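Below: the structure, in structure tokens.
Values reported hereafter were calculated over all heavy atoms of this structure, with side chains retained and with hydrogens, waters and symmetry mates removed. Being a predicted model, the structure only gives us computed values, none of them experimental.
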Amino acid sequence: MKRRDFVQMSGLGAGALLIPSTMMGNNIAVEALLAPGMDVLVKKRMADVALNTATSMGATYADARIGRYLNQYVFTREDKVQNVVNTESFGIGIRVIVNGTWGFASTNNVSEDGIKKATIQAVNIAKANSKFQKEPVVLAPVSGQGEVSWKTPIQKDFKDVPVSEKVDLLLTANAAALDNGANFVNSALFMVNEQKYFASTDGSYIDQDVHRIWPTFGVTAVDQAAGKFKTRQAMSAPMGMGYEYMDGLDSEKLVGAAGLKLYRNSYDMIEDATIAAKQAKEMLSAKSVDPGKYDLVLEPNHLGLTIHESVGHPTELDRVLGYEANYAGTSFATIDKWKSKNFKYGSDIVNIVADKTQKGSLGAVGFDDEGVPCKQWDIIRNGVLVNYQAIRDQVKMIDQNESHGCCYAQSWNDVQFQRMPNISLEAGTDPYSVSQMIKDVEKGIYIAGRGSYSIDQQRYNFQFGGTVFYEIKNGEIVGMLNDVAYQSNTQEFWNACAKICDKDDYRLFGSFFDGKGQPSQVSAVSHGSSTTRFNGINVINTGRTV
């Protein structure tokens with residue numbers, strides 16, 4: 001499953017068929033989700049089996065990850081439940097360095113015998129590969145953490161909420177959309193709990209309990225006489241939260257331009273579905289955009305995807321070095337640009353940070369999958385490229401001595417590697433609201449929500465659409481538009497960044513299934529921003545043909 005398929009996914013009815021097989025595990029009864037799993041003391045004893053076996057066979061480093069991955073997905077369409085999926089995956093992955101070379105093996109036989117066999121396999125793989133290793137693996141140092149734990153700060157565990165309550169919420173949202181003019185609607189809830197235990201020969205024994213949730217829907221309105229239809233996707237964001245996100249009680253609920261309801265720490269799915277149906281109907285009669293140069297006012301649920309593609313991926317160090325070229329391309333943000341210390345990635349007000357600690361974000365954990373404490377660091381400061389995303393065996397390549405703490409594996413069965421942390425645009429420092437931004441635009445377009453997109457293999461030339469579009473004339477929104485997409489290149493676009501709203505408008509967008517690597521793995525990552533203006537961007541009409 002490709003990343004863009006999930007971003008674009010409107011046909012949620014296929015449900016479980018669209019989920020990467022590695023995210024599924026074994027189907028289980030819903031009651032089994034509540035089982036406590038392996039005791040932490042037993043996990044430590046089992047992990048030590050792997051570490052002791054590896055070192056006795058000559059490993060200079062070893063780590064073990066015992067993982068229990070629980071998923072629940074609920075899919076509906078109109079007044080029907082299409083699927084409810086409950087899965088569990090449990091096992092251990094063992095990674096070693098022998099003769100300066102990595103080796104990895106995994107097993108779902110989490111017993112002493114099973115772990116010993118897998119560890120021996122990992123060591124033998126490393127020894128075999130060492131014959132071809134040109135340079136030994138060098139790890140940045142990390143202090144042993146001892147026995148520690150971390151948990152997503154949730155208020156309500158999705159596993160404690162009856163499936164019937166989740167189904168009722170989705171069907172009620174569907175009904176609200178149908179009652180307000182939608183002809184079709186599908187909706188889904190994705191809920192994930194990763195129970196991960198990490199141990200290493202550095203002296204770390206880390207137990208983590210990670211929670212994520214993503215509510216989403218697609219609403220379609222049809223004009224049968226004209227033979228047209230329009231779809232409006234949910235304005236929700238996937239979050240690193242518990243089921244409290246679905247309570248719709250957010251005291252910080254925001255109102256965007258054009259009366260659009262936006263959400264930060266809680267999501268009102270019924271309200272959003274109601275508005276979505278009305279907007280989908282409005283789209284049927286909205287005028288088509290005139291191509292040309294516009295000032296774009298981009299709200300966070302939209303801008304997050306642009307950040308993801310044009311900043312997040314091109315600053316992954318393995319992509320920069322060419323390691324991802326075969327699967328997903330390389331990067332224009334090459335090492336020489338970083339070394340120059342003056343490469344203008346964006347305008348002076350563009351400050352983009354990587355952060356694995358941001359509360360409520362999809363990427364928030366206490367420690368990465370190498371046992372490195374997570375942190376925040378600068379990627380772009382005052383418009384200048386200042387750093388990349390790198391892990392323990394990479395940072396030496398950029399003359400650094402400390403991992404950034406952004407290593408991740410999608411399951412116990414997969415080897416961990418560099419993955420994108422939360423990558424976010426800092427809010428403006430001066431008080432500035434969305435309404436003030438609209439008033440400052442003479443000719444522009446306000447874009448909210450995600451849409452279709454395309455970007456080249458170096459993450460440079462791109463085109464982005466959106467969910468809803470509103471024309472701005474002389475400081476006022478004058479009506480809805482159709483067929484809008486903007487084209488630019490990454491450096492031109494970010495240097496056109498002219499104004500950013502303040503922290504009161506700051507929100508998170510998220511990608512729940514971000515793909516990378518061969519074999520491919522998925523991870524979840526958030527991107528925060530406030531509503532932001534980009535001046536003089538080229539807009540095309542996607543409905544016209546040459």
Side-chain angles (χ1 to χ4, degrees), residues 50-51 53-65 93-106 118-143 198 200-202 204 313-340 343 368-372 377 385 387-410 413-421 457-459 515-521 523:
L51 303 184
T53 301
T55 54
S56 70
M57 296 184 67
T60 55
Y61 171 83
D63 60 44
R65 291 176 298 107
I94 300 128
R95 192 176 64 155
V96 302
I97 296 177
V98 182
N99 298 336
T101 308
W102 283 119
F104 175 79
S106 61
T119 306
I120 292 169
Q121 183 181 16
V123 170
N124 287 337
I125 288 171
K127 289 180 177 178
N129 286 339
S130 68
K131 298 176 182 178
F132 307 98
Q133 185 84 10
K134 295 181 179 179
E135 294 183 12
V137 172
V138 177
L139 298 182
V142 61
S143 299
F198 174 88
S200 76
T201 51
D202 289 322
S204 293
H313 280 307
T315 57
E316 294 169 317
L317 185 58
D318 51 0
R319 179 190 291 271
V320 171
L321 296 172
Y323 300 162
E324 280 286 303
N326 192 53
Y327 177 67
T330 55
S331 171
F332 80 96
T334 50
I335 294 290
D336 60 300
K337 295 182 174 67
W338 165 72
K339 283 186 174 181
S340 74
F343 177 69
D368 77 348
D369 282 355
E370 290 187 309
V372 177
W377 70 99
L385 176 66
N387 212 338
Y388 296 105
Q389 313 156 40
I391 58 175
R392 290 188 69 186
D393 63 357
Q394 295 175 336
V395 289
K396 70 178 186 302
M397 303 176 192
I398 50 174
D399 303 321
Q400 296 178 25
N401 298 315
E402 182 182 275
S403 170
H404 299 154
C406 54
C407 193
Y408 177 81
Q410 70 177 1
N413 197 34
D414 297 279
V415 66
Q416 59 268 55
F417 69 127
Q418 191 277 314
R419 296 310 309 266
M420 192 189 305
Q457 63 179 5
Q458 289 192 311
R459 323 310 281 188
K516 182 181 176 181
Q518 288 183 306
S520 180
Q521 296 188 38
S523 69

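Note that Arg319 lies outside the cation-pi zone of Tyr327, set by a 6.0 Å cut-off to the ring centre and a 45° limit from the axis.
Under 3.5 Å, the side chains of Arg459 and Ser331 contain no donor-acceptor pair of N or O atoms. A side-chain donor-acceptor contact under 3.5 Å links Ser106 and Asn413. Looking only at atom types and distance, the side chain of Gln133 has no donor-acceptor partner in the side chain of Asn99 under 3.5 Å away. Looking only at atom types and distance, the side chain of Asn387 has a donor-acceptor partner in the side chain of Gln400 under 3.5 Å away. Residues Asp336 and Thr334 bring a donor and an acceptor atom of their side chains to less than 3.5 Å of each other. At a cut-off of 3.5 Å, with distance as the only test, no side-chain donor of Glu370 or Gln416 sits close to an acceptor on the other residue. Side-chain contact annotation: Lys127 with Ser130, donor-acceptor N/O pair under 3.5 Å absent.
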Taking it one step at a time, do Glu316 and Glu324 satisfy side chain to side chain contact (heavy atoms under 4.5 Å, CB included)? CA-CA 10 Å; Glu316 294 169 317; Glu324 280 286 303; 5.6 Å; no

Does the side chain to side chain contact (heavy atoms under 4.5 Å, CB included) test come out yes or no for Cys406 and Phe417, once each step is laid out? CA-CA 8 Å; Cys406 54; Phe417 69 127; over 6 Å; no

Check step by step if side chain to side chain contact (heavy atoms under 4.5 Å, CB included) holds for Asp393 and Val138. CA-CA 6 Å; Asp393 63 357; Val138 177; over 6 Å; no

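Listed for the Gln521 side chain is a donor-acceptor partner under 3.5 Å among the backbone atoms of Gln410. Within the 3.5 Å criterion, the main-chain N or O of Ala50 finds no donor-acceptor partner in the side chain of Thr53.
Thr60 OG1 to Ile97 CD1: the interatomic distance, rounded to the nearest 0.5 Å, is 5.0 Å. The distance from the CD atom of Gln394 to the SG atom of Cys407 is 8.0 Å, given to the nearest 0.5 Å. Here Ile125 contributes atom CD1 and Trp102 contributes atom CH2; the two are 13.5 Å apart, rounded to the nearest 0.5 Å. If you take NZ on Lys516 and OH on Tyr323, they are separated by 11.5 Å, rounding to the nearest 0.5 Å. In this structure, OG1 on Thr55 lies 13.0 Å from OH on Tyr61, to the nearest 0.5 angstrom. Atom CG of Asp369 sits about 9.0 Å away from atom CG of Asp63, to the nearest 0.5 Å.
Residues passing the side chain to side chain contact (heavy atoms under 4.5 Å, CB included) test with Ile335, sequence neighbours excluded: Leu317, Val320, Leu321, Trp338, Lys339, Tyr388, Ile398.
For the pair Pro421/Trp377, a side-chain contact is recorded, criterion being any heavy-atom separation below 4.5 Å from C-beta on. Side-chain atoms of Leu385 and Thr315, non-hydrogen and from C-beta on, do get closer than 4.5 Å to each other.
The neighbour count for Glu135 CD, taken as heavy atoms of other residues, nucleotides or ligands under 6.0 Å away, does not exceed 12.
Salt bridge present: Asp202 and Arg392 bring a charged side-chain N and a carboxylate O closer than 4.0 Å.
Between Thr330 and Ala325, the closest heavy-atom pair is CG2-CB, 3.6 Å. When all heavy atoms of Pro314 and Phe332 are compared, the closest pair comes out as CB-CE2, 4.0 Å. When all heavy atoms of Ala390 and Ser403 are compared, the closest pair comes out as O-OG, 3.9 Å. Here the shortest heavy-atom pairing between Ala59 and Val96 reads CB-CB, 4.3 Å. Residues Gly371 and Ser204 come closest through the heavy atom pair O-OG, 4.5 Å. Across all non-hydrogen atoms, the minimal contact from Gly405 to Val372 is CA-CG1, 3.7 Å.
Residue Gln389 forms a side chain to side chain donor-acceptor pair (under 3.5 Å) with just one option from Arg419, His404, Gln418, and that option is Gln418.
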